[in-house]
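First comes the structure, then the notes that go with it.
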Number of protein chains: 2
Amino acid sequence: MNLVGPTVHIVDDDQSFRTAVGRLLEASGYRVAAYESGEELLARLPSGHGCILLDLQMPGLSGLELQARLADMAPFLPIVFLTGRGNISITVQAMKAGAYDFLEKPASSTAVLEAVKRALQLCETRRLEQDRVQALHTLVARLTPRESQVFRLIVRGKRNKQIAYELSTSERTVKAHRHNVMEKLGARSLAEAVSMAERLGLLEKTA
Amino acid sequence: MNLVGPTVHIVDDDQSFRTAVGRLLEASGYRVAAYESGEELLARLPSGHGCILLDLQMPGLSGLELQARLADMAPFLPIVFLTGRGNISITVQAMKAGAYDFLEKPASSTAVLEAVKRALQLCETRRLEQDRVQALHTLVARLTPRESQVFRLIVRGKRNKQIAYELSTSERTVKAHRHNVMEKLGARSLAEAVSMAERLGLLEKTA
DNA sequence: TACAATATTGTCCTTTGGGGCAACGCGACG
DNA sequence: CGTCGCGTTGCCCCAAAGGACAATATTGTA
């Protein structure tokens, strides 16, 4: 699904605007998907590489409301607001909520293209980071419940003896689990295992 | 120096405004320091717990220019813009540059107080985080050059043997350094040492 | 010059970690 | 009913780490 290249999702209730901006972006080599409302965007929730060009005032979901929904549902798609009736207060709200940029209509072609270009770069960065974390999650998910317990204790510096005591089992058993953990995670040293746990936030949580 | 409580630094070229806002904040129990220009603020660079209330248009340094300077010089002081002649573009610039909030004159007392209150909370959060990192830096700084080298290799999962080889010394020596490292860092396990290194970004850098 | 910090190395012993080999009990699923 | 995944455990052995005790060499500085 990612073979299609970056897609710019345009959400605006003004049909002529969608067409105009869509042509501009397509002329620059981007794939474009247009939506008449926030509800429509949510219905065909975009995935993959891209960004969102969002109007502020629309019938139904407002831009800010849609932004809030998207923060959960499509966290890697940067949002660029592009609106005609903005004000400072709204702008601040949008930026605080994580908008990547905020442009005013009419915006110059170069401004829009520049914003889209950078937003797509950000999307790529987010996805790479997401992929790294996802890969770690996948590895950790393959641990059995018991192995997972042992893992948490290992990366907190507990000795096999202590782990055995805390889990009410024998040291030999802990060794077996420990072996499985390291193998399943592909960690060639304790340092690697700790590092993985750190990136997954397993060290603060259970503190 | 931190016994004095949070200080709100007001930077505005309008004397009557400084006085008015200053009184409002003092009435709410904050310490206040007022500055007529960005240059004046930089000259008596504030330290400690606080935040900055910043006008946009001023003779000399503009608000955005001052913000850029402060990002380096006082990174824990959140900046709240409070200006009468703002526009969306400027707002976006300020927010992208890390401003905490952006209010328009005239702003209601409650809006100003609320923004200041939250900015001070953010300052506190930043300072706590900063203190943690600083504490780690201090510990690591106490390592001798050789110990530091050993530390970097330890937290990357290298065996004493390998470290000895890489540093062209004996395994016994590495053991000695390793012992010193763990003691100086107060790490009771390898996991703790790795965790400290991770927080200091020592694992990506030398990767 | 003498002291302090740093880097170095040795021997000896104990504790821990890691792995091989083998085995048992249990619950799930076909 | 048999297989499989999971958790369990024992014995034995080797490698690695940690600590005790001791010592040497270099260098910068009081």
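Chain A is the first sequence line, chain B the second, and so forth, proteins listed ahead of strands; every chain is numbered from 1.
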A:S195 side chain to A:A191 main-chain N or O, any donor-acceptor pair under 3.5 Å?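 Not at all, since once roles are kept as given, no pair shorter than 3.5 Å links the two residues.
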
Just by distance, do the side chain of A:E39 and the backbone of A:L61 share a donor-acceptor pair under 3.5 Å?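 Yes, the answer is positive, given that a donor and an acceptor are paired below the 3.5 Å cut-off.
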
Heavy-atom neighbours of B:R188 CZ exceed 12 at 6.0 Å: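 12 or below, so no.
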
Atom NZ of residue position B:K161 - does it have more than 12 heavy atoms of other residues, nucleotides or ligands inside 6.0 Å?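 No, NZ of B:K161 has 12 or fewer neighbouring heavy atoms, counting only those of other groups under 6.0 Å.
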
So do [Y] and [X] actually touch side chain to side chain, heavy atoms under 4.5 Å?
{"X": "A:L25", "Y": "A:I10", "value": "yes"}
{"X": "B:L66", "Y": "B:L41", "value": "yes"}
{"X": "A:D55", "Y": "A:D14", "value": "no"}

Under a 4.0 Å N-O cut-off, is there an ion pair linking B:D12 with B:K105?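 The answer is yes: the pair qualifies as a salt bridge.
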
Before accepting this row, confirm whether a basic side-chain N of the pair A:R126/A:E129 lies closer than 4.0 Å to the acidic partner's carboxylate O.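 No, no charged N to carboxylate O under 4.0 Å.
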
Atom CG of A:N180 to atom C1' of D:dG7: distance rounded to whole Å?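 To the nearest whole Å, that distance equals 10 Å.
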
Length of the line joining A:E147:CD and D:dT8:C1', which is rounded to integer Å: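 Interatomic distance, CD of A:E147 to C1' of D:dT8: 13 Å.
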
Which atoms of nucleotides 27-30 of chain D (N or O only) lie under 3.5 Å from a protein N or O atom, and what are those distances?
none

Walking along DNA chain C from 5' to 3', note the first and the last nucleotide with an atom under 4.0 Å from a heavy atom of chain A, and give both.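 Nucleotide range in contact with chain A: C:dT16 to C:dC21.
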
Indicate, with a heavy-atom threshold strictly under 4.0 Å, whether A:S170 touches base, sugar-phosphate, or nothing.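 Sugar-phosphate contact only - A:S170 comes under 4.0 Å of backbone atoms but never of a base.
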
I need the single residue from B:H177, B:Q162, B:R146 that forms a side-chain contact (heavy atoms from CB on, under 4.5 Å) with B:L167. Which is it?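 Passing option: B:R146.
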
So, is A:T144 near the phosphate of D:dG7, with a side-chain N or O under 4.0 Å from OP1 or OP2?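 So the side-chain polar atoms of A:T144 do come within 4.0 Å of the phosphate oxygens OP1 or OP2 of D:dG7, strictly under.
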
Between the protein and nucleotides 16-19 of chain D, list the N/O to N/O atom pairs that are separated by less than 3.5 angstrom.
| unit_1 | atom_1 | unit_2 | atom_2 | d |
| --- | --- | --- | --- | --- |
| D:dA16 | OP2 | B:K161 | NZ | 3.1 |
| D:dA17 | OP2 | B:N160 | N | 3.3 |
| D:dA17 | OP2 | B:N160 | ND2 | 3.2 |
| D:dG18 | OP2 | B:R178 | NE | 3.0 |
| D:dG18 | N7 | B:K175 | NZ | 3.2 |
| D:dG18 | O6 | B:K175 | NZ | 3.1 |

